[in-house]
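Taking it in order: structure first as structure tokens, then the write-up.
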2 protein chains.
Amino acid sequence: MSKTKEKNVSIKDVAKEASVSITTVSRILNNINYPVSNEARTRVEKAIKNLGYIPNKAAQNLRKNETRTIGLIVRDIGDPYFSEMAKGVTEKAAQLNYMAMVSDSNRNMDYELKYLDLMIRQGVKGIIISGGGIMEEEYQSELQKRVQDARRLGIKVVALSSQGIDLPLVTVDNIQIGKTVCNFFILNNYKKIAFIGGNEKVTTNYERLLGYKIALKEKGMEIDENLIINGQFTWEAGYETCKILFDRKREIDSIFCANDNIAIGVIRFLRENKIKIPNEVSLIGVGDIPIAQYTSPSLTTVKIPFNLIGNRAVELICSDENIEDSSIYFKTQLIVRESIKIPKIS
Amino acid sequence: MSKTKEKNVSIKDVAKEASVSITTVSRILNNINYPVSNEARTRVEKAIKNLGYIPNKAAQNLRKNETRTIGLIVRDIGDPYFSEMAKGVTEKAAQLNYMAMVSDSNRNMDYELKYLDLMIRQGVKGIIISGGGIMEEEYQSELQKRVQDARRLGIKVVALSSQGIDLPLVTVDNIQIGKTVCNFFILNNYKKIAFIGGNEKVTTNYERLLGYKIALKEKGMEIDENLIINGQFTWEAGYETCKILFDRKREIDSIFCANDNIAIGVIRFLRENKIKIPNEVSLIGVGDIPIAQYTSPSLTTVKIPFNLIGNRAVELICSDENIEDSSIYFKTQLIVRESIKIPKIS
DNA sequence: TTGTATGCGTTATCAA
DNA sequence: TTGATAACGCATACAA
């Protein structure tokens with residue numbers, strides 16, 4: 001087997017081999033129903049096979065001034081939240097004959113901006129930003145710049161959570177999620193409902209917490225700031241943050257975890273401290289990541305349709321419609337599992 | 001904001017704006033230390049800024065006949081095994097200024113081959129195949145063809161598990177893993193060691209099982225086929241397969257799960273059936289996916305350095321060395337957690 | 001039904 | 001220190 005790259009075989013070589021013009025070859029390759037004589041067609045097809053001709057994407061991209069690639073920016077592909085989104089994206093992209101370029105910012109916002117730049121340079125068809133927005137002026141203004149660059153070049157940008165700037169969204173109603181969870185606790189007679197959040201600068205966290213507060217207010221219940229604590233959207237942080245919460249306050253009968261990862265950390269903490277779930281404390285998460293069914297106890301949570309969201313975002317990008325002004329909200333659903341006691345008997 | 005794509009600004013426009021030749025612009029852009037007068041340089045830099053010039057990747061790719069992209073094929077990006085690998089890959093790719101194109105075959109081998117074709121057409125620098133090889137002649141021969149196509153075009157192909165064909169590997173010694181786990185059970189006085197595997201046609205499963213059998217033989221212990229069962233590498237399958245195993249045979253004191261996912265399913269099954277881990281049955285998995293620390297009980301497992309593997313595979317592809325003949329094996333390590341009782345008191 | 005010629009935006013060669 | 005120009009591989013307008 002040869003170790004070095006051979007000369008690329010181009011459409012030209014095929015044309016020569018088949019004794020036709022490159023136009024004819026190109027037509028056979030692309031214009032499905034352009035009239036070409038059977039003779040020529042068979043000769044060309046044979047030549048293609050003989051030479052092992054493979055069309056050069058770079059040339060096509062240049063000529064057509066478009067690539068069939070879409071960019072996806074995630075914060076941590078190892079986090080089920082993002083990998084499920086990525087699944088929805090790559091799946092639909094493949095269906096539509098696109099390729100997905102995935103960049104993992106590792107929760108570093110500078111990287112996130114850098115990857116945006118790279119994707120714009122790559123000339124992707126569109127970019128999907130999948131993490132919750134960061135509520136920081138400088139970041140948002142930098143993001144805004146990129147979005148403008150992208151638009152100028154005809155690159156669509158879609159976000160899967162609100163980013164605090166004007167951007168089409170494919171997402172869920174996070175305030176509603178907060179309300180739903182909190183109301184469910186209240187309905188079942190829980191009185192001391194704690195909130196363990198992720199990064200407090202992230203829009204999704206803010207919105208879920210807001211929903212929690214609204215629900216409490218609507219029922220005339222007091223908002224106890226000692227029951228509210230934020231950290232990060234990870235297992236480790238869920239564990240640590242829960243510890244801080246219980247050091248601070250012990251009378252807690254239920255915990256609203258801003259995502260399932262946090263809930264997993266919380267389960268671990270409670271288990272180590274012999275606090276029974278759901279008998280002493282009930283737990284609800286957000287996301288319904290696949291592992292939520294396999295925790296002990298299994299996790300009550302609000303299902304976010306990651307797959308549909310990823311799918312739809314890709315469709316939006318690959319469609320020809322203008323999407324700058326349209327946002328799409330998917331329904332969520334509370335999935336009741338073992339981590340909550342219903343009805344609560346106090 | 002304009003809704004339509006404006007005319008792209010090219011190096012030509014910059015040249016005109018700055019009253020220099022495109023050559024000079026190109027030199028300023030690329031040849032870091034090519035001598036250019038300061039005057040020209042500042043004019044060009046200003047023009048670039050004014051016009052919002054962004055280099056066209058497609059043209060660069062065509063001209064230089066190479067892209068700074070690498071392809072990664074995974075079976076299920078939602079599976080921690082693959083998302084962790086993907087993390088290692090995307091991380092290193094970004095460091096080296098490459099972009100990763102990720103395709104998820106959803107464990108469908110036809111898709112896997114199709115994605116290989118697509119990536120070859122894209123003209124990626126290299127392709128990383130991340131799932132265990134399928135021991136099926138037809139598939140392997142199709143795979144072989146793609147690999148040859150790729151090589152002819154100067155595209156490097158690396159696999160992260162043996163594929164049954166001649167391919168450079170960045171991987172771990174799966175037979176050794178099987179031996180390590182089994183020996184650890186034996187050392188601790190376990191007698192009825194079951195094996196719950198994934199897909200029996202996958203090389204990694206085969207190799208881990210082989211290691212298990214070798215270890216038993218070396219200690220003069222009998223291989224009981226009733227203790228061996230295969231299924232899929234997923235939680236659901238782990239659960240179902242474990243059920244079948246226990247229907248078949250009840251005297252089991254330990255289970256070697258071919259990966260951590262399976263172990264998670266097994267934990268669930270045993271818990272539902274009130275079989276205590278590790279008091280009645282001990283458990284060891286393979287992989288050390290992040291969740292392994294957070295299961296109840298936490299999981300004893302063999303750590304596969306996903307991150308290092310992903311990193312190294314990218315380095316291999318992006319380096320200029322020829323790699324066709326070199327494989328790299330990373331060390332693995334047994335991580336002891338709560339799912340095993342040591343020493344076993346019988 | 002077929003072919004010629006042009007240009008997409010770059011980089012690189014060569015000459016000045 | 002600078003610039004004109006060819007070439008990368010392809011799709012397409014136009015001509016035949």
Side-chain angles (χ1 to χ4, degrees), chain A residues 5-45 47-48 51-68 120-124 152-155, chain B residues 5-45 47-48 51-68 120-124 152-155:
Chain A
K5 196 165 175 167
E6 295 169 24
K7 189 189 167 307
N8 289 341
V9 8
S10 78
I11 203 174
K12 219 170 182 170
D13 302 308
V14 174
K16 196 186 294 172
E17 171 94 359
S19 313
V20 296
S21 72
I22 60 168
T23 312
T24 301
V25 179
S26 177
R27 286 205 267 252
I28 291 174
L29 252 29
N30 305 306
N31 293 12
I32 310 298
N33 35 25
Y34 193 97
V36 173
S37 72
N38 281 333
E39 273 179 84
R41 170 160 270 125
T42 44
R43 279 212 310 279
V44 167
E45 275 161 359
I48 287 175
L51 300 174
Y53 167 73
I54 294 177
N56 180 311
K57 266 286 172 202
Q60 293 180 325
N61 290 344
L62 175 59
R63 177 62 228 241
K64 301 206 277 201
N65 193 25
E66 72 152 11
T67 64
R68 289 187 86 81
I120 291 172
R121 276 179 154 65
Q122 284 284 343
V124 296
R152 187 161 52 81
L153 295 168
I155 297 173
Chain B
K5 195 164 174 169
E6 297 169 23
K7 190 190 165 306
N8 288 340
V9 8
S10 78
I11 204 173
K12 221 171 181 169
D13 303 307
V14 175
K16 196 187 293 174
E17 171 94 358
S19 315
V20 296
S21 72
I22 59 170
T23 311
T24 301
V25 178
S26 176
R27 285 207 267 252
I28 290 174
L29 254 27
N30 305 305
N31 294 10
I32 310 300
N33 34 24
Y34 192 97
V36 173
S37 72
N38 282 332
E39 272 179 84
R41 171 161 271 125
T42 43
R43 281 210 310 280
V44 167
E45 275 161 359
I48 288 175
L51 301 174
Y53 167 74
I54 294 178
N56 181 312
K57 266 285 171 204
Q60 292 180 326
N61 291 343
L62 174 60
R63 181 58 230 240
K64 301 206 277 201
N65 193 26
E66 73 150 13
T67 64
R68 288 188 86 82
I120 291 172
R121 276 179 156 65
Q122 284 285 344
V124 297
R152 187 163 51 82
L153 293 168
I155 298 173

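Quick note: numbers below take in every heavy atom, side chains included, and nothing from hydrogens, waters or symmetry partners.
- Among residues two or more places apart in sequence or in another chain, the side-chain hydrogen bond (donor to acceptor under 3.5 Å, both in side chains) test is passed with A/R68 by none.
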Checklist line | Letter per nucleotide, 5' to 3', of nucleotides 2-8 of chain D [B base touched, S only sugar-phosphate touched, - untouched; heavy atoms, 4.0 Å] | finding: BBBBBBB
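- In this structure, the NZ atom of B/K57 is 17 Å from the C1' atom of C/dC8, given to the nearest Å.
- Per the geometry, CD belonging to B/E66 stands 14 Å off P belonging to D/dG9, to the nearest Å.
- The two residues B/V9 and B/L51 have their closest heavy-atom pair at CG1-O, 3.6 Å.
- Rounded to whole angstrom, the span from the CG atom of A/N65 across to the P atom of D/dC10 amounts to 17 Å.
- For the residue pair A/N8 / B/N65, a side-chain donor-acceptor distance below 3.5 Å is found, with atom types taken as modelled.
- The minimum heavy-atom distance between A/G52 and B/R152, with the atom names listed, is O-NH2, 3.0 Å.
- Rounded to an integer number of Å, the gap from B/I48 CD1 to C/dT10 P is 10 Å.
- In this structure, B/N61 reaches neither bases nor backbone, as no heavy-atom distance under 4.0 Å exists between it and the strands shown.
- Counting to the nearest Å, the P atom of C/dT10 and the CD atom of A/Q122 are 14 Å from each other.
- Computed from coordinates, the A/N38 CG to C/dT2 C1' distance equals 15 Å when rounded to whole Å.
- For B/S21 and B/T24, the side-chain atoms include at least one donor-acceptor pair closer than 3.5 Å.
- The distance from atom CG of A/N33 to atom C1' of C/dT1 is 15 Å, rounded to the nearest whole Å.
- B/V20 and B/R43 make their closest contact through CG1-NH2, 3.5 Å (heavy atoms, listed as atom of the first residue, atom of the second, distance).
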